[in-house]
Amino acid sequence: MLIKRLGPGGSADIQPSEITSESVYLNRRCLLQAALATAVTGLGTAWAPRIRAEGAKLEFTRNDKLSIGDPPNDPVDVTTYNNFYEFGIDKSAPSKNSGKFKPSPWTVAVAGEAEITGQFGLEDILKPHALEERVYRLRCVEAWSMVIPWVGIPLGAVLKRFKPTSNAKYVAFKTVLRPSEMPGQRFPVLEWPYVEGLRIDEAMHPLSLLAVGVFGRTLPTQNGAPLRLITPWKYGFKSIKSIVEIRFTEREPPTSWNISAPHEYGFYANVNPKVDHPRWSQARERRIGSGLFASKVPTLLFNGYEKEVAHLYRGMNLAKHY
Ligand code: MTE
C-alpha cells in the first residue's frame, strides 16, 4: 500500500518508511506534558486524575468561542456510557470490549471527487493543524445528553487540503472493519462497516471537528480512537468513529442508521425538539450525571447552534429532511 504525504498545498509520494509512526508523533506532540496543557488550558489538573492511563497527553489550546459554558461530564460517564456498536449494543459494551482494538498505526483513504486522493498516515492528516479543545454537548437521539471536551482539528481545514472538485457535493466517512478486534461486527446488528455522510457545506462548517482526543488526552478506544467526527448540532449517531475513509461524492451517500431504519433516521439528523423520533420525544433530554431524579431539560433547536447553522437549511422542510 502506497502511503502518500499530504502537504498544506499539495501532495508528494513518499516511502512508508519515511513516515513517522502515529505513536511517535503523538508522543512528540506531548513532550510539553501536563505543565503546558495545564498552563494553556487551565483545565488539565482538574480532569487528569480520572483519565484512563493509556491516553497520551495532548498539546492544545482551548477554543472558547466555539465551546459551550456548561461544566463537562465526569470522564467516567463519557468513557463508560456510550454507543459504539462495533463493540456491542449495550452502553457499557464499548468500554468493556474495546481493549483489543489497535488504533495505531492508522491510515485514512481519501477518495472520490478531489484533486488529491490516496492513503495518508494519520500524522499527515493532522500535522499542519494546531489542536484545539472544544466543549460540545452530545445530544443522543435516545433523548440523553452529555457535555464533552473534545480535542481536534477543524474538519473543513483538513478537507480543503485535498482540493475537492466542484462535483464534491457530499463527504462520506467509513469506520474500520475489523471483526477480530471489534466483536460487535461479528453480529448483523448494523450493516458493516459503519458509514456516515455530510453535505459539503455542513462538513466545511467551522463547528465540524475531527477529534483525536478527549479530556486533553488521545481518544480511548471506546470513544472512536484514533480519529472521529463531531458535528455538535446533529444527533450523536452522525459522529462516526474510528474513521478509515473520507470520500468526496456527487450524490448523497448512504448512512448506517438510515440503511437500518430509514423511517427513524434521516440523512440530516439535526437536533430538532419539534420533530419526534418514532420511539423518543425530542422535546426534552436527560443530562447524564445529573442524578436519577433530576428532571429533563428542554432540547434546543440545532442543539443550541441555531445562530451558527440555521442558514445551512434555509428553505428546507425540517420535518421531511430530519
Ligand atoms: N460510530 C460507529 N462507528 N459506530 C457506532 O455504533 N454510534 C453513534 C456515534 N458514532 C456509533 C458511531 C452513536 S448512536 C452515538 S450516540 C455516538 O457515536 C456516541 O458517541 P460518544 O462515544 O462520543 O458518546
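One-based numbering, in listed order, for ligands and for the atoms of each.
- Looking from atom 6 (O) of ligand 1 to the surrounding protein, the closest heavy atom is Y85 N, 2.7 Å.
- The shortest N or O to N or O distance between W150 and ligand 1 is not under 3.5 Å.
- For atom 7 (N) of ligand 1, the closest heavy atom belonging to the protein is N83 O, 3.3 Å.
- Contacts between F84 and ligand 1, counted as non-hydrogen atom pairs separated by less than 4.0 Å, involve both the backbone and the side chain.
- Residue-ligand proximity: S242 is placed with every non-hydrogen atom at 4.0 Å or more from ligand 1.
- Contacts of V78 with ligand 1, taken as heavy-atom pairs under 4.0 Å, are absent altogether.
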When you look at L300 and Y305, which way does the side-chain contact (heavy atoms from CB on, under 4.5 Å) test go after all the steps?
CA-CA 8 Å; L300 303 171; Y305 293 104; over 6 Å; no
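- In this structure, Y136 does not count as a contact residue of ligand 1, since none of its heavy atoms falls inside 4.0 Å of the ligand.
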Run W257 and Y194 through side-chain contact (heavy atoms from CB on, under 4.5 Å) and show every step you take.
CA-CA 9 Å; W257 287 101; Y194 195 99; 3.0 Å; yes
Go through the steps to decide whether E181 and K100 satisfy the test salt bridge (charged side-chain N to carboxylate O under 4.0 Å, His left out), and finish with yes or no.
CA-CA 6 Å; E181 295 173 28; K100 288 205 176 113; over 6 Å; no
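- What sits closest to atom 17 (C) of ligand 1 on the protein, heavy atoms only, is G236 O, 3.3 Å.
- On a distance-only criterion, Y81 and ligand 1 share no N/O pair closer than 3.5 Å.
- The protein non-hydrogen atom at the shortest distance from atom 5 (C) of ligand 1 is Y194 CE1, 3.2 Å.
- Between F237 and Y265, the angle of the ring planes goes over 60°, which puts this pair in the perpendicular group of the 30/60° scheme.
- The S239 neighbourhood of ligand 1 comprises atoms 9 (C), 10 (N), 12 (C), 18 (O), with distances under 4.0 Å to a heavy atom of that residue.
- The protein heavy-atom contact nearest to atom 1 (N) of ligand 1 is K241 N, 3.3 Å.
- Atom 23 (O) of ligand 1 has its closest protein heavy atom at R228 NH1, 2.7 Å.
- N270 CG to M316 CE: the interatomic distance, rounded to the nearest 0.5 Å, is 7.5 Å.
- Looking only at heavy atoms of the protein, atom 4 (N) of ligand 1 is closest to E86 OE1, 2.7 Å.
- Note on V171 and I259: separate hydrophobic clusters, where clusters join Ile, Leu, Val, Met, Phe, Trp and Tyr whose side-chain heavy atoms are under 4.5 Å apart, directly or indirectly.
- Both tests hold for K238 against F267: distance to the six-membered ring centre under 6.0 Å, angle to the ring axis within 45°.
- At least one N/O-N/O distance between N82 and ligand 1 falls below 3.5 Å.
- N82 places no side-chain N or O within 3.5 Å of a backbone atom of P94 that could act as its donor or acceptor partner.
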